[in-house]
Engineer: 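Sharing a structure below in structure tokens format, with a few things to ask.
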Amino acid sequence: MRETLQLLVQAAVDQLIASGAFPADVRNLIEISDTKNPDHGDYACNFALVASKKIGQPPRKIGEMLAETLLADVDSPFEAIDIAGPGFLNLRLKPAFVAGFLVDILKAGAELPAARLSSSPSLGKINVEFVSVNPNGPITVGSGRGAAFGDALVRVFRAAGYDVDPEYYINDGVNSQQMRLFAESVKSYALSEPFPENGYKGEYVKDVATDVAAKFPTEDLASKEVGWWQARSQELMIERQRSDLATFGVAFNNWFSEQSMHDSGLVTESLEKLKANGSADDECYRAEVVRDGKEEHLEQKPEEAGPLWLRSTKFGDDKDRVLLRSNGRPAYIAGDVAYMESKLGQRKYDKAFIILGPDHHGYIPRMNAVCKALGYPAEKFEIIIFQIVRFLKEGKPAPMRKRDGNIYELRDLIDEIGANAAPSATKEEQQRVGRDVARFFYLMRSHDTHMDFDIDLATKQSDENPVFYVQYAHARICSVLNRAAESGFVINAESVKPEVYELLTHPRELALIKKTMDLPMEVARCAKDYGVHRLTTYAVELARSYHHFYDACRVIQADQPELTKARIAVCQAVAIGLKATFELLGISAPERMDREAPAPVANTES
RNA sequence: GCGCUCGUAGCUCAGUGGAUAGAGCAUCAGCUUGCGGAGCUGAGGGUCGAAGGUUCGAGUCCUUUCGAGCGCGCCA
């Protein structure tokens, strides 16, 4: 709807440019924005303010010229255009123009998020890597934020017209010391051997040990080397991660193995490429950016001979990085180099994203350097950092280090919420509820802000979670539509004559239609700045707008069949909008919700 | 020390450079002979950490500063 208005204003401005009234360089300054105050009309345009200087006229004068041009057409959708305040154009729309968008919504259906005038078939092929937990631990509630965010972003990118591959990077390098220690820990549990120093503790390690023993009952486990244990432990751990993520509603197209690049020779090839283009060498120095006050300069420090250096300082990093250690073993970043080559070179993605937690923000300069060193444009690679989640249990920060045995897993969170919100439901139903609440909770906050996750609040008081508010709106619509169908009202985009929509004149009806039509714009914005959390706000606003409408406008009225049809169309449109939004957030759209007594809580009051 | 991120109501958080800064929770007061009351209506609650700057206009952009979190390996 804004896009339509924008084009109308654009046409008017172009007309004034053609007539010589405005200079040509003002034609890109048009923006259509919301009005917070209903006195300010349906939408506002600040063109007169921003163009004032270039046109050399006072804003109100420009506003008058523009308003006159816009209102000249008898078919104009504007009921009135006021010039207010310092020079805002307050656009007041004819109700029939607003109501007419219902047809577009009903025709678009599930494609509503992608329904933009300027959308093209495909904007490119992109890769989004996220979660990528090392295969020595489970998916924690901390990783849950990255999972919820990354998955929602993937869904938004798809709706925005990209061809997206979500990908999980498996850190399965056989030379990893961490993985070796993990395998030794599993082995010691399985065989009741002495526990390795700084080994991995926790129930999940015992689970893996038990599973290995159960899976290979006839093997002589005691005689197996650590490498054997590492392969099996890792496989079981990845399977557990995959299963937990599936429960959370997250599915990856690719599970990409680090080791596969060592095996295939891609790592070696990629390093050769860097050496050939001068980005890597084994000279005996290390470069580092040194800051002296505000000045900075590159300093070369002598080093022992041996390692192969990535001269990442040439590409904006603050230090050179070791690719091959003095002993010839590849450093971790060698895998990253090959992985970049795999994505941008071999697989030819137009862009590769990596979504990382805040503890990895130091990787940004070096990974950008890797991208450039391999000869790819900087725009083809981007790291998105989400901020830390602090988990509170009983009012205190809940530690969840991977070696203290006290891990709060994502699956635990899902189960706890579900068990509390729907105590007598089936396991599957509980997991659906737990997933919906947890995802919504994670996504309510901007990925770029620190957040507190009060575990007790999310479980014990999950009844108050706004996710139920938005889902209830959907269930309520379904109930009304069912009732309408029983009364013989069956509506689709073709069956209602346009004149019927002119019956929709109530402010809450029109506000509801406008809000539903905002979805494509919201999706476009999210795809641009990755702020997918706005979709939760949007869902709440759309649900609220529906509840307002429901409160003021009775839908089914036997004595007013035409109005009833029109309002059913409104309900259907909102159902489409809500369901599409839920789909983007990865939560379900229940058609009915039955209240259930909350789980009994131990009474600790005296 | 250097770098990244954040600071908005009692709490958790929204907020396209725009008009009188919003929501949920919590607190208080109301609403139903009709489509689902998991709803609706209203009230109280704010020096947008602080100080400068940019401009018609700053919670939003820039600089400085205070506070909080995180990161700075020939680990992965």
Engineer: Which whole number of Å gives the distance between the C1' atom of B/A50 and that of B/G45?
Structural biologist: 23 Å
Engineer: Within the structure shown, what part of the strands sits under 4.0 Å from A/V50 by heavy-atom distance: base, sugar-phosphate, or nothing?
Structural biologist: base
Engineer: How many whole angstroms separate atom CZ of A/R534 from atom C1' of B/U60?
Structural biologist: 13 Å
Engineer: Roughly how far apart, to the nearest Å, are B/U55 and B/G22 at atom C1'?
Structural biologist: 26 Å
Engineer: Between B/G59 and B/A21, how far apart are the P atoms? Round to whole Å, please.
Structural biologist: 10 Å
Engineer: Provide the distance between the two P atoms, one in B/C70 and one in B/C75, to the nearest whole Å.
Structural biologist: 24 Å
Engineer: Which one is paired to B/U33, where only Watson-Crick or G-U wobble pairs with both distances under 3.5 angstrom count?
Structural biologist: none
Engineer: Can you tell me the pairing partner of B/C6 across any strand shown, Watson-Crick or G-U wobble, with both distances under 3.5 angstrom?
Structural biologist: B/G67
Engineer: Taking only side-chain N and O atoms of A/Y550, does any of them lie within less than 4.0 angstrom of OP1 or OP2 on B/G37?
Structural biologist: yes
Engineer: Would you indicate, yes or no, if B/C72 has its OP1 or OP2 atom less than 4.0 angstrom from a side-chain nitrogen or oxygen of A/H361?
Structural biologist: no
Engineer: Give the C-alpha distance, both sets of side-chain angles, the deciding distance and a yes or no for side chain to side chain contact (heavy atoms under 4.5 Å, CB included) between A/R525 and A/Y530.
Structural biologist: CA-CA 8 Å; A/R525 275 182 69 203; A/Y530 321 139; over 6 Å; no
Engineer: Would you say the base of B/C56 and the side-chain of A/S52 have a donor-acceptor pair closer than 3.5 Å?
Structural biologist: no
Engineer: Write down the distance separating the C1' atoms in B/G52 and B/C11, rounded off to the nearest Å.
Structural biologist: 32 Å
Engineer: Quick one: does any side-chain atom of A/E509 pair with a main-chain N or O of A/C553 as donor and acceptor, under 3.5 Å?
Structural biologist: no
Engineer: Taking only side-chain nitrogens and oxygens of A/K53, does any of them come within less than 4.0 Å of OP1 or OP2 of B/C56?
Structural biologist: yes
Engineer: Would you mind classifying the nucleic acid contact of A/N46 as base, sugar-phosphate or nothing, using non-hydrogen atoms under 4.0 angstrom?
Structural biologist: base
Engineer: Looking at B/C70, I'd like to know if its phosphate oxygens (OP1 or OP2) sit under 4.0 Å from a side-chain N or O belonging to A/R390.
Structural biologist: no
Engineer: For B/C75 and A/R325 - does any side-chain N or O of the residue sit under 4.0 Å from the phosphate oxygens OP1/OP2?
Structural biologist: yes
Engineer: What integer number of Å spans the P atoms of B/C28 and B/G71?
Structural biologist: 43 Å
Engineer: So, do A/H40 and B/A19 meet the stacking rule of ring centres under 5.5 Å and planes under 30°?
Structural biologist: yes
Engineer: Send over the distance from A/I32 CD1 to B/G17 P, rounded to a whole Å.
Structural biologist: 16 Å
Engineer: Determine the Euclidean distance between corresponding C1' atoms of B/G7 and B/U32; express it in Å to zero decimal places.
Structural biologist: 44 Å
Engineer: Name the residue closer to the 5' end of RNA chain B, choosing between A/D448 and A/E258 according to the nucleotide with the nearest heavy atom.
Structural biologist: A/D448
Engineer: Check whether any side-chain nitrogen or oxygen of A/R483 sits under 4.0 Å from OP1 or OP2 of B/G36, and answer yes or no.
Structural biologist: yes
Engineer: Indicate yes or no: does A/D551 engage A/R554 in a salt bridge with an N to O separation below 4.0 Å.
Structural biologist: no
Engineer: Once you apply a heavy-atom cut-off of 4.0 Å, does A/P358 come out as touching a base, just sugar-phosphate, or nothing?
Structural biologist: sugar-phosphate
Engineer: Using the six-membered ring of A/Y550, assess whether NZ or CZ of A/R476 lies under 6.0 Å from its centre and within 45 degrees of the ring axis.
Structural biologist: yes
Engineer: Within the pair A/R525 and B/U16, is there a side-chain N or O less than 4.0 Å away from OP1 or OP2?
Structural biologist: yes
Engineer: Using OP1 and OP2 only, check whether a side-chain N or O of A/H533 sits under 4.0 Å from B/G15.
Structural biologist: yes
Engineer: I'd like the C1' distance from B/G3 over to B/G42, given in whole Å.
Structural biologist: 49 Å
Engineer: May I ask you to say what A/M451 touches in the nucleic acid, namely base, sugar-phosphate or nothing, with a heavy-atom cut-off under 4.0 Å?
Structural biologist: sugar-phosphate
Engineer: Output yes if the stacking criterion (under 5.5 Å between centres, under 30° between planes) is met for A/F88 over the base of B/A19, else no.
Structural biologist: yes
Engineer: Hey, which of A/V490, A/I491, A/L503 is the one that makes side-chain contact (heavy atoms from CB on, under 4.5 Å) with A/K565?
Structural biologist: A/I491
Engineer: Any side-chain donor-acceptor pair under 3.5 Å between A/S446 and A/T449?
Structural biologist: no
Engineer: Would you say A/R366 and A/S312 are linked by a side-chain donor-acceptor pair, where the criterion is simply a distance under 3.5 Å?
Structural biologist: no
Engineer: Closer to the 5' end of RNA chain B via nearest nucleotide, is it A/N171 or A/A543?
Structural biologist: A/A543
